[in-house]
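Before any comments, here is the structure.
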Amino acid sequence: RVSIEGGTTDIGNYAFDMCQKLTEINIPPSVTSIGQGSFRNCTSLTSINIPSTVTSFGASTFLGCSSLLSVSLSGTMTSIPSSMFYQCSSLETIQIPERVGAIGAEAFGYCSALRSVNIPSGVTSLNSSTFIQCTSLTNISIPDGMVSIYNYVFSDCTSLTSVQFPDTITTLGDGIFNNCSSLTGVVLSKNITSIPKRTFESCSSLTEIEIPSLVTEIGDTAFLGCTSLASITSLPPNPPTLGTNVFANVPNTLKIYVPA
């Protein structure tokens, strides 16, 4: 157990990195900044309370804290830095403060026990691999106002069953649902213009999907391995340009419905 002395304002970069027997830490309200990798690989740490005075975090703050079950985050924080909870494999739930407007790449990557997470309404983009390999995540709510979802955000979320995108989304990255093997349905934004490569690759439970009317391009292997896909409703007035192996290894009974 560690109690940081009152009056301390900063916890420096990698301050407790690899303190593998650390189970508990007390952070005083004088602290305003927690540096990069401060608690990285503290594999016995089970919980932590971040006082509301903390407004600045470095990347990879809790990376590899594999026993971390719960975190109380500061309500004043405005961003979740990249890899903040990467490989926190025991973390089941987290409440992201409403003031957060940005979530960094791989922020929750490989949090294999994470079952649910709220995304505050001020977040306009999800960076690459934000929730990659969150294999217990069953559902997630994407707020109105979201504009961009980048590469592999939900890749390998093998328990995710359905997602609905608001129409504010205009940009999708590659492979955002790659290998989401329990995904049965997705409602895409009406304002996307492409379905990038590997978007639904190996989504073996996906049964149907509607392609929005503004889509002009479907990337390589976008639906490869969608072995349960029964129907596609394609709304664009002109057929989208197809990449390679877009429909490889899908049922030969697949029906595609197009405008009359």
Could you check whether [Y] and [X], counting side-chain N and O atoms only, form a donor-acceptor pair closer than 3.5 Å?
{"X": "Glu201", "Y": "Thr221", "answer": "yes"}
{"X": "Asp167", "Y": "Asn191", "answer": "no"}
{"X": "Asn49", "Y": "Ser72", "answer": "yes"}

Between atom [atom1] of [X] and atom [atom2] of [Y], what is the distance when rounded to the nearest 0.5 Å?
{"X": "Ser148", "Y": "Ile169", "atom1": "OG", "atom2": "CD1", "result": "8.5 Å"}
{"X": "Met84", "Y": "Gln36", "atom1": "CE", "atom2": "CD", "result": "12.5 Å"}
{"X": "Leu206", "Y": "Ser182", "atom1": "CG", "atom2": "OG", "result": "11.5 Å"}
{"X": "Asn127", "Y": "Ile103", "atom1": "CG", "atom2": "CD1", "result": "9.0 Å"}
{"X": "Leu242", "Y": "Glu217", "atom1": "CG", "atom2": "CD", "result": "9.5 Å"}
{"X": "Ile48", "Y": "Asn26", "atom1": "CD1", "atom2": "CG", "result": "9.5 Å"}

Test your reading of the model: is there a side-chain donor-acceptor pair from Thr207 to the backbone of Leu229, 3.5 Å cut-off? no

Do side-chain atoms of Asn151 reach the backbone of Ser128 as a donor and acceptor pair under 3.5 angstrom? no

Looking only at heavy atoms, which two atoms of [X] and [Y] are closest? And how far apart?
{"X": "Glu210", "Y": "Leu188", "value": "O-CD1, 4.0 Å"}
{"X": "Glu5", "Y": "Ser30", "value": "O-OG, 4.5 Å"}
{"X": "Ser181", "Y": "Ser204", "value": "O-OG, 3.5 Å"}
{"X": "Val163", "Y": "Ile140", "value": "CG2-CG2, 4.4 Å"}
{"X": "Gly175", "Y": "Ser155", "value": "O-CB, 3.8 Å"}
{"X": "Leu69", "Y": "Leu91", "value": "O-CD1, 3.4 Å"}

Could you tell me if the side chain of [Y] sits less than 4.5 Å from the side chain of [X], heavy atoms only?
{"X": "Ser3", "Y": "Arg1", "value": "yes"}
{"X": "Lys190", "Y": "Leu214", "value": "no"}
{"X": "Ile11", "Y": "Val31", "value": "yes"}
{"X": "Arg99", "Y": "Thr76", "value": "yes"}
{"X": "Ser125", "Y": "Val147", "value": "no"}

Nonpolar side-chain network containing Leu63, other nodes, edges under 4.5 Å: Tyr86, Tyr110, Ile132

The residue among Ile142, Asn139, Val187, Val186 that forms side-chain contact (heavy atoms from CB on, under 4.5 Å) with Gln164 is Val187

As a quick check of understanding, evaluate side chain to side chain contact (heavy atoms under 4.5 Å, CB included) for Gln95 and Asn118, giving each step before the final call. CA-CA 6 Å; Gln95 185 71 27; Asn118 68 302; 3.5 Å; yes

Which ring pair (Phe, Tyr, Trp, His ring centres under 6.0 Å) pairs, counting each pair once, include a residue from residues 41-74, with sequence neighbours left out? Phe39-Phe62, Phe62-Phe85

Qualifying ring pair (Phe, Tyr, Trp, His ring centres under 6.0 Å) pairs with a residue from residues 189-222, counting only residues at least two apart or across chains: Phe177-Phe200, Phe200-Phe223

How far apart are the C-alpha atoms of Ile96 and Val117, what are their side-chain angles, what is the distance that settles it, and do they pass the side chain to side chain contact (heavy atoms under 4.5 Å, CB included) test? CA-CA 8 Å; Ile96 300 175; Val117 64; 3.8 Å; yes

Any salt bridge between Arg198 and Asp174, counting N to O under 4.0 Å? no

Joint cluster assignment, Ile25 & Met18, ILVMFWY side-chain distance < 4.5 Å: no

